[in-house]
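Below is one structure, written out as structure tokens, with a few remarks after it.
Heavy-atom basis, side chains included; hydrogens, waters and symmetry copies ignored. Reminder, nothing fancy here: chain letters follow the sequence lines and each chain counts from 1.
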2 protein chains.
Amino acid sequence: MLTERQLFILQLLINDYIQTAEPVGSRTISKREDVTFSSATIRNELADLEEMGYIEKTHSSSGRVPSEKGYRFYVDNLLSPPVLSKYEVNNIQSLFAERMVEVEKVIQQSAGILSELTQYTSIILGPEVFETKLRQIQIIPLSKDTAVVILVADSGHVENRTMKIPPSVSMSDIEKVVNIMNERLKDVPLISLKSTMMKEMATVLKKHIENYNEVNTMLENLFLYTNAEKVYYGGKTNILTQPEFKDIDKVRLLLNTFEQDEVMYNVLRPEKNGIEVKIGQENDLEAMQNCSIVTADYFIEGKRMGSIALLGPTRMEYQRSMGILGFLANDLTRTLTDRYQSFKHW
Amino acid sequence: MLTERQLFILQLLINDYIQTAEPVGSRTISKREDVTFSSATIRNELADLEEMGYIEKTHSSSGRVPSEKGYRFYVDNLLSPPVLSKYEVNNIQSLFAERMVEVEKVIQQSAGILSELTQYTSIILGPEVFETKLRQIQIIPLSKDTAVVILVADSGHVENRTMKIPPSVSMSDIEKVVNIMNERLKDVPLISLKSTMMKEMATVLKKHIENYNEVNTMLENLFLYTNAEKVYYGGKTNILTQPEFKDIDKVRLLLNTFEQDEVMYNVLRPEKNGIEVKIGQENDLEAMQNCSIVTADYFIEGKRMGSIALLGPTRMEYQRSMGILGFLANDLTRTLTDRYQSFKHW
DNA sequence: GTTAGCACTCTAAGTGATTGAGTGCTAAAT
DNA sequence: ATTTAGCACTCAATCACTTAGAGTGCTAAC
């Protein structure tokens with residue numbers, strides 16, 4: 001168990017390191033006004049903290065640096081509730097004051113503000129197809145054997161795909177199919193579209209359509225890829241300003257990871273509710289060994305819709321980041337729920 | 001004027017430097033089998049070439065490095081027509097053998113192959129709205145005051161926008177407008193959609209719609225932003241492997257530029273036809289001072305649709321890059337023209 | 001339990017000295 | 001009139017060495 005003084009020293013050390021990115025020595029700590037005891041005492045305490053694994057030396061006669069265990073302890077026990085500056089609050093709220101119509105634009109802007117306020121990289125997982133429901137489906141022919149299929153969700157999200165039409169399937173068949181789909185599939189969540197379609201429509205289709213089998217495989221192909229939600233970024237290169245990323249290979253690794261949506265998608269899936277912090281090795285991607293990620297969720301009517309996250313070095317300003325992130329997640333939840341209400345009760 | 005031997009030496013020097021990225025000395029050149037004269041002779045020639053500005057020294061006793069003027073001369077006069085390896089040709093042609101339906105996918109894949117073959121960063125400007133024409137327009141209501149507008153082009157490109165509907169405009173009004181639009185605006189190029197709409201539809205709308213003014217401003221807002229064509233990337237971080245980009249600040253500058261579509265858009269607009277090479281300072285973006293860009297256009301029925309480009313260090317493999325780029329541009333042109341034909345004569 | 005003091009460690013920065021790749025120039029060879 | 005061998009010279013890069021400074025751990029005194 002840590003003594004009061006050890007807690008205090010650990011906190012000072014981490015705060016200092018977060019600011020300077022330089023190993024912190026006993027003298028540096030002892031020079032602070034609010035420290036009454038001498039550097040020798042601090043040295044003793046530091047030795048204990050090191051033995052317990054909360055801090056490390058970079059070499060045998062260097063100052064101390066927080067270990068991942070140390071950061072974890074710091075985040076879990078030493079953070080006081082964050083206070084946002086007026087500037088930050090204004091900045092975020094002015095975003096939502098604009099009341100943009102398009103969900104995607106709201107999200108893109110949120111990512112921008114987040115990265116600007118924090119100088120880290122912000123990542124937002126768009127609303128999951130999970131909760132959004134089909135409003136309408138349209139098929140528009142392009143040539144004799146191709147057509148565009150357009151799905152519109154109640155959130156305003158539009159999804160489109162081009163497909164080839166087998167020669168054996170006629171236009172009137174397709175029209176029939178679309179009509180049936182609009183009848184049967186309206187308000188079905190996008191995520192379960194495929195399974196619902198297979199169940200609900202099989203019998204009806206068999207009755208009305210000649211080349212049932214061909215139409216069926218066509219439809220199956222169409223919904224083969226349940227589109228993963230989109231990943232939005234803000235300040236993709238902000239993290240390059242951090243001194244821990246002067247190594248170009250690390251940078252390459254990280255930026256490449258950004259390009260792989262599926263990977264990022266998994267990184268952002270939070271395991272618990274609320275604001276979560278993953279420190280260094282805790283997220284097992286090699287590219288993110290020196291990074292921490294703070295994630296928060298946003299909701300619509302209590303249902304989780306997506307996540308917003310900040311990516312920084314392990315030495316990141318946890319308190320501030322968590323504050324800003326939490327605040328923005330809240331506003332996002334409120335705004336989106338409002339929008340959703342207006343759609344639902346219409 | 002350059003003598004035969006000077007040409008030869010310049011060529012050897014640039015070839016060598018492109019491979020090694022190290023300054024080339026007289027001894028290195030003299031050791032080649034096909035060089036009969038001594039290093040001293042070469043030193044004299046190098047001094048002349050330097051005086052003429054084709055090569056430079058990095059310091060007073062270093063080997064020589066091509067200057068931008070040197071590269072320019074090399075590209076304009078010293079390149080033999082490129083020969084593609086079987087591997088490269090196969091790689092590109094297998095791409096088009098798949099005959100993907102969606103233009104965007106073809107382009108995305110092209111970017112991927114380009115960057116893989118060259119290890120540079122590839123950039124592709126999507127088909128201009130320029131030539132694609134409106135096939136159909138749809139408005140789908142989302143709530144009592146919002147709706148999604150969907151434009152489908154004959155290329156299969158889908159464009160969508162969410163908009164607010166003023167309370168004074170009724171649904172039936174909107175339906176009328178959409179009908180009129182589909183009648184009057186079909187096959188109008190997307191780029192002139194706005195102007196055509198204003199001209200063609202003004203009188204008709206006035207006749208049929210009550211709140212003409214409100215509808216009009218609504219439509220105007222809708223088409224306010226003529227969407228610039230999309231920019232696609234392949235191997236965004238490839239360029240980071242080049243030794244000239246070990247400086248993190250240069251990297252940041254460049255990657256940030258990538259994020260700004262409008263800027264890239266201008267970079268890629270070629271000035272002349274065919275394959276164009278811009279070397280170093282020739283493209284006046286600060287972020288690209290150490291880069292060269294090779295661009296080529298692709299066409300549909302002789303009309304320029306977009307460009308594809310390779311971005312590398314000034315010390316780039318011009319011959320190979322130009323070869324691959326030209327070949328792919330050709331195949332792209334052929335494929336897209338075929339597709340277009342099938343749409344047109346349908 | 002705390003602290004002053006001291007020996008010790010290690011990095012970072014600076015200083016020569018050395019090496020080697022390269023040049024330019026001159027005088028001899030072709 | 002070229003070409004080339006030879007030589008003096010330059011400069012970056014590297015290595016060994018020193019020094020300064022920040023930091024530690026330990027011990028003995030407070």
Side-chain angles (χ1 to χ4, degrees), chain A residues 1-10 12-17 19-67 70 243-244 246-247, chain B residues 1-10 12-17 19-67 70 243-244 246-247:
Chain A
M1 209 36 226
L2 292 177
T3 67
E4 201 60 35
R5 192 168 64 191
Q6 284 171 336
L7 289 179
F8 181 52
I9 291 178
L10 181 57
L12 288 184
L13 185 140
I14 296 185
N15 284 339
D16 193 284
Y17 186 68
Q19 292 307 322
T20 64
E22 295 290 329
V24 186
S26 55
R27 221 178 86 91
T28 315
I29 296 181
S30 74
K31 269 197 294 193
R32 289 191 42 127
E33 289 178 2
D34 46 356
V35 172
T36 55
F37 30 92
S38 78
S39 68
T41 311
I42 294 171
R43 275 203 289 286
N44 288 328
E45 298 286 34
L46 289 181
D48 289 351
L49 285 170
E50 183 174 4
E51 209 171 327
M52 291 184 276
Y54 292 112
I55 55 181
E56 296 166 347
K57 286 193 272 199
T58 59
H59 59 86
S60 75
S61 75
S62 76
R64 305 305 208 290
V65 157
S67 69
E244 27 272 276
K246 43 182 185 331
D247 178 8
Chain B
M1 211 35 225
L2 292 177
T3 69
E4 201 59 35
R5 193 169 62 193
Q6 284 170 335
L7 289 179
F8 181 53
I9 291 178
L10 181 58
L12 289 183
L13 184 140
I14 296 185
N15 284 338
D16 193 285
Y17 185 69
Q19 292 307 320
T20 63
E22 294 290 329
V24 185
S26 55
R27 221 178 85 92
T28 315
I29 295 179
S30 74
K31 269 198 292 192
R32 288 192 43 128
E33 289 178 359
D34 47 355
V35 171
T36 55
F37 30 91
S38 79
S39 67
T41 311
I42 295 171
R43 274 203 289 287
N44 288 327
E45 299 287 32
L46 290 181
D48 288 352
L49 284 170
E50 184 176 3
E51 208 171 328
M52 290 184 277
Y54 293 111
I55 55 181
E56 297 166 346
K57 286 193 272 197
T58 59
H59 58 88
S60 75
S61 76
S62 76
R64 304 306 209 289
V65 156
S67 68
E244 26 273 276
K246 41 182 186 335
D247 178 8

Query raised in the report: Just how far, in rounded Å, is C1' of dT2(D) from CD of E4(B)?
Result: 17 Å
Requested in this report: Considering non-hydrogen atoms only, spot the tightest contact between I14(B) and G70(B) and give its length.
Outcome: CD1-O, 3.7 Å
**Report entry** Minimum-distance pair of heavy atoms, taken over all atoms of S39(B) and S26(B)
**Finding:** O-CB, 3.6 Å
**Report entry** Minimum heavy-atom distance L2(B)-M52(B), with the two atoms named
**Finding:** CD2-CE, 3.2 Å
Query raised in the report: Are side-chain heavy atoms of I29(B) and D16(B) found at a separation under 4.5 Å?
Result: no
Report summary line: Numerically ordered, the residues 46-57 of chain B set in heavy-atom contact under 4.0 Å with DNA chain C is L46(B), K57(B)
Mind listing the N/O atom pairs, protein and nucleotides 2-12 of chain C, below 3.5 Å?
residue, atom, partner, partner atom, Å
dT2(C), OP1, R5(A), NH1, 3.0
dT2(C), OP2, R5(A), NH2, 2.9
dT3(C), OP2, S38(A), N, 3.1
dT3(C), OP2, T41(A), OG1, 2.4
dG5(C), O6, R43(A), NH2, 3.1
dT9(C), O3', S60(A), OG, 3.0
dT9(C), O2, S61(A), OG, 2.6
dC10(C), OP1, S60(A), OG, 3.2
dC10(C), O5', S60(A), OG, 3.3
dC10(C), O4', S61(A), OG, 3.1
dC10(C), O3', H59(A), ND1, 3.3

Query raised in the report: Is there side-chain contact between L13(B) and L49(B), with at least one heavy-atom pair below 4.5 Å?
Result: no
Query - d(CD1, I29(B); C1', dT3(D)) in whole Å - result: 17 Å
**Report entry** Length of the CZ-C1' vector between R64(A) and dT24(D), whole Å
**Finding:** 7 Å
Requested in this report: Check the pair I9(A) / F37(A) against side-chain contact (heavy atoms from CB on, under 4.5 Å), numbers first and verdict last.
Outcome: CA-CA 11 Å; I9(A) 291 178; F37(A) 30 92; 3.9 Å; yes
**Report entry** Reported CD-to-OG1 distance for the pair E45(A) and T3(A), which is rounded to 0.5 angstrom
**Finding:** 5.0 Å
**Report entry** Any I42(A) side-chain heavy atom under 4.5 Å of V35(A) side chain
**Finding:** yes
Report task. Would you indicate whether the side-chain heavy atoms of K57(A) and R64(A) approach each other to under 4.5 Å? Result -> yes
Nucleotide N/O to protein N/O under 3.5 Å, stretch nucleotides 13-17 of chain C:
none

Report summary line: Taken to the nearest whole Å, NZ/K31(A) to C1'/dG23(D) is 13 Å
Query raised in the report: In terms of heavy-atom contacts, does CZ of R5(B) have more than 12 from other residues, nucleotides or ligands at under 6.0 Å?
Result: yes
